[in-house]
Amino acid sequence: MEWRCTWCGKPHEENDPPCDNCGHNKFERAVEQVPPAETDGPTDPVWVCTECGRQHTKNSPPCKRCGNVELEQRQPDWDDLDELGGTSYRDVLEPRYVAGYAIAAVLGITLILAYAGVVTLPGMGRPPVPDDVAGAGDQVGDLSIADVEAAYVEQSNERREAASVDPLTDDADLAWYAAYVNKRTVQNATGDGSALSREEMLRVRDYCENPVVDRYTVFSTGPVEDFDSEASLAGTLLDSWDQIDAALVESQTRIGVDVHVAPNDRVFVTVAVC
């Protein structure tokens with residue numbers, strides 16, 4: 001073939017543009033081809049990057065290696081045939097490829113750490129339990145809220161023992177869930193936050209298939225701090241627990257409880273059992 005497209009290099013029988021490969025409107029006489037026997041390889045000219053020397057089979061800038069937009073037509077260098085098309089080992093070591101591999105590695109390691117619970121990413125892991133909640137979640141007068149929660153579980157197990165039911169054990173996952181739900185419930189009730197979504201309430205299913213969750217409020221007839229002990233307050237709160245499904249609760253083995261004393265001596269309680 002005597003004519004070749006000046007843009008993509010495709011050979012043609014006649015000087016009759018446009019090129020049927022790229023549509024370019026200019027042809028040039030083809031470079032004299034070297035017989036295959038002398039080269040043991042392709043005889044069509046190649047397009048060489050004027051910056052890095054990478055050879056391309058078509059005039060299709062930018063350069064696959066360095067991004068240079070200037071390519072010039074030359075006879076192929078048989079020593080560099082491994083560079084024609086595809087990505088060579090030399091390309092893999094280019095800074096932009098190395099940077100991409102480094103970013104992918106960092107993202108992969110971060111995801112692994114997130115699933116392992118070492119780090120927390122947006123949209124993954126547990127949200128923090130709110131700490132800016134009106135009222136008291138740690139101490140009311142001389143009463144320790146943590147001790148009230150422990151007494152709540154202890155007295156619940158005493159009642160279960162009397163009914164010949166196995167005791168419940170404190171569970172860290174359920175304790176976090178109960179605290180998160182209870183604090184958010186208080187915030188919504190006092191006008192400081194939004195109501196819990198269905199998805200947030202259903203997070204308890206991450207810990208068991210048949211959970212029982214109950215949220216209730218006890219209105220104290222006097223100041224909560226006037227209770228003489230954590231045990232007496234816990235007993236009052238436990239007496240007010242209207243179990244959603246008593247039979248199902250009896251079959252469970254783990255529990256999480258959160259107690260929060262809101263303004264006006266309203267006591268919010270969330271119980272989760274699995």
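Reckoned from all heavy atoms, side chains included, excluding hydrogens, waters and symmetry mates. What you are looking at is a predicted structure, and each value in this text was computed from that prediction instead of being measured.
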Which heavy atom in Ala189 sits nearest to a heavy atom in Phe268, and how many Å separate them?
CB-CZ, 3.8 Å

Report the C-alpha separation of Asp170 and Val153 in whole Å, then their side-chain angles, then the decisive distance to 0.1 Å, and conclude whether the side-chain contact (heavy atoms from CB on, under 4.5 Å) test is met.
CA-CA 8 Å; Asp170 282 311; Val153 175; 3.5 Å; yes

Do Glu51 and Cys63 have side-chain heavy atoms sitting under 4.5 Å apart?
no

Take Thr270 and Asn182 through the test side-chain hydrogen bond (donor to acceptor under 3.5 Å, both in side chains) and record every step on the way to the result.
CA-CA 5 Å; Thr270 295; Asn182 204 39; 2.9 Å; yes

Nearest heavy atoms of Pro263 and Thr190, plus distance in Å:
CD-CG2, 4.4 Å

As an exercise, state the distance from CD of Glu158 to CZ of Arg160, rounded to the nearest 0.5 Å.
13.0 Å

Considering all heavy atoms of both residues, which atom of Ser156 and which atom of Leu238 are nearest to each other, and what is their separation?
N-CD2, 3.5 Å

N/O donor-acceptor pair under 3.5 Å between His260 side chain and Ile145 backbone
no

Hey, does Gln55 have a side-chain heavy atom less than 4.5 Å from the side chain of Arg74?
no

Within the structure provided, determine whether Cys19 and His12 are in side-chain contact (heavy-atom separation under 4.5 Å).
yes

Euclidean distance, Gln155 CD relative to Leu237 CG, rounded to 0.5 Å:
9.5 Å

About how many Å separate CG of Asp142 and CG of Asp228, when rounded to the nearest 0.5 Å?
11.5 Å

With side-chain contact (heavy atoms from CB on, under 4.5 Å) as the test, would you mind laying out the steps for Leu196 and Tyr180 before giving the verdict?
CA-CA 10 Å; Leu196 287 156; Tyr180 180 77; 4.0 Å; yes

Going by the angle between their ring planes, with limits at 30° and 60°, are Tyr207 and Tyr177 parallel, tilted or perpendicular?
perpendicular

Examine Val148 and Val267 and state if one hydrophobic cluster contains both, with Ile, Leu, Val, Met, Phe, Trp and Tyr joined whenever side-chain heavy atoms are less than 4.5 Å apart.
yes

Glu72/Asn59 under side-chain hydrogen bond (donor to acceptor under 3.5 Å, both in side chains): CA gap, chis, key distance, verdict
CA-CA 8 Å; Glu72 66 179 23; Asn59 185 17; over 6 Å; no

Is any side-chain heavy atom of Val133 closer than 4.5 Å to a side-chain heavy atom of Asp192?
no

Working to the nearest 0.5 Å, report the span between CD of Gln252 and CG of Asn210.
6.5 Å

Looking at Pro167, is its backbone amide N or carbonyl O close enough to the side chain of Glu161 to form a donor-acceptor pair, meaning the two atoms are under 3.5 Å apart?
no

Close side-chain approach of Tyr216 and Ser240, heavy atoms under 4.5 Å
yes

Testing the basics here: between Ser144 and Gln139, what is the closest heavy-atom pair and its distance to 0.1 Å?
CA-OE1, 3.7 Å

Same apolar cluster: Val257 and Leu143, side chain cutoff 4.5 Å:
yes

Under the side-chain contact (heavy atoms from CB on, under 4.5 Å) rule, what do Arg4 and Gln73 come out as? Steps first, then yes or no, please.
CA-CA 12 Å; Arg4 178 172 284 108; Gln73 193 177 47; 3.5 Å; yes

Could you walk me through whether Arg159 and Asp239 satisfy the salt bridge (charged side-chain N to carboxylate O under 4.0 Å, His left out) test, starting with their C-alpha distance in whole Å, then the side-chain angles of each, then the deciding distance to 0.1 Å, before giving a yes or no?
CA-CA 11 Å; Arg159 300 182 187 190; Asp239 289 339; 2.7 Å; yes

Closest contact, heavy atoms only, Ile255 versus Val273
CG1-CG1, 3.6 Å

Is there a side-chain contact between Val269 and Trp241 in this structure, where contact means two heavy atoms from C-beta onward sitting under 4.5 Å apart?
no

Nearest atoms (heavy-atom pairs only) where Asn68 meets Pro61
O-CB, 4.4 Å

Please list, chain by chain and in numerical order, all residues satisfying ring-ring contact (aromatic ring centres under 6.0 Å, His included) with Trp47, sequence neighbours excluded.
none

Are any side-chain N or O atoms of Asn264 and backbone N or O atoms of Arg266, one a donor and one an acceptor, separated by less than 3.5 Å?
no

Below 4.0 angstrom, N of the basic side chain to O of the carboxylate: do Asp20 and Lys10 qualify?
yes

In plain terms, say whether Arg184 and Glu200 are close enough for a salt bridge, that is, a side-chain N and a carboxylate O under 4.0 Å apart.
yes

Test Lys183 against Asp258 for salt bridge (charged side-chain N to carboxylate O under 4.0 Å, His left out), laying out the working first.
CA-CA 9 Å; Lys183 307 307 185 193; Asp258 187 80; 3.3 Å; yes

Test item: side-chain donor near acceptor, Gln187 and Asp132, under 3.5 Å
yes

Would a distance-only check, ignoring hydrogens and angles, find a side-chain to backbone donor-acceptor pair under 3.5 Å from Asp171 to Arg254?
no

Inter- and intrachain pairs under disulfide (SG to SG under 2.5 Å), touching residues 155-237, at least two apart:
Cys208-Cys274

Does Leu174 reach the side chain of Val204, with side-chain heavy atoms less than 4.5 Å apart?
yes

Side-chain donor or acceptor of Thr50 paired with backbone N/O of Glu70 under 3.5 Å
yes

If we ignore angles and hydrogens, is there a donor and acceptor under 3.5 Å between the side chains of Arg215 and Thr185?
yes

Would you mind reporting whether Arg54 and Val48 have side-chain heavy atoms less than 4.5 Å apart?
no

Contacts of Asp131 that satisfy salt bridge (charged side-chain N to carboxylate O under 4.0 Å, His left out) - sequence neighbours left out
none

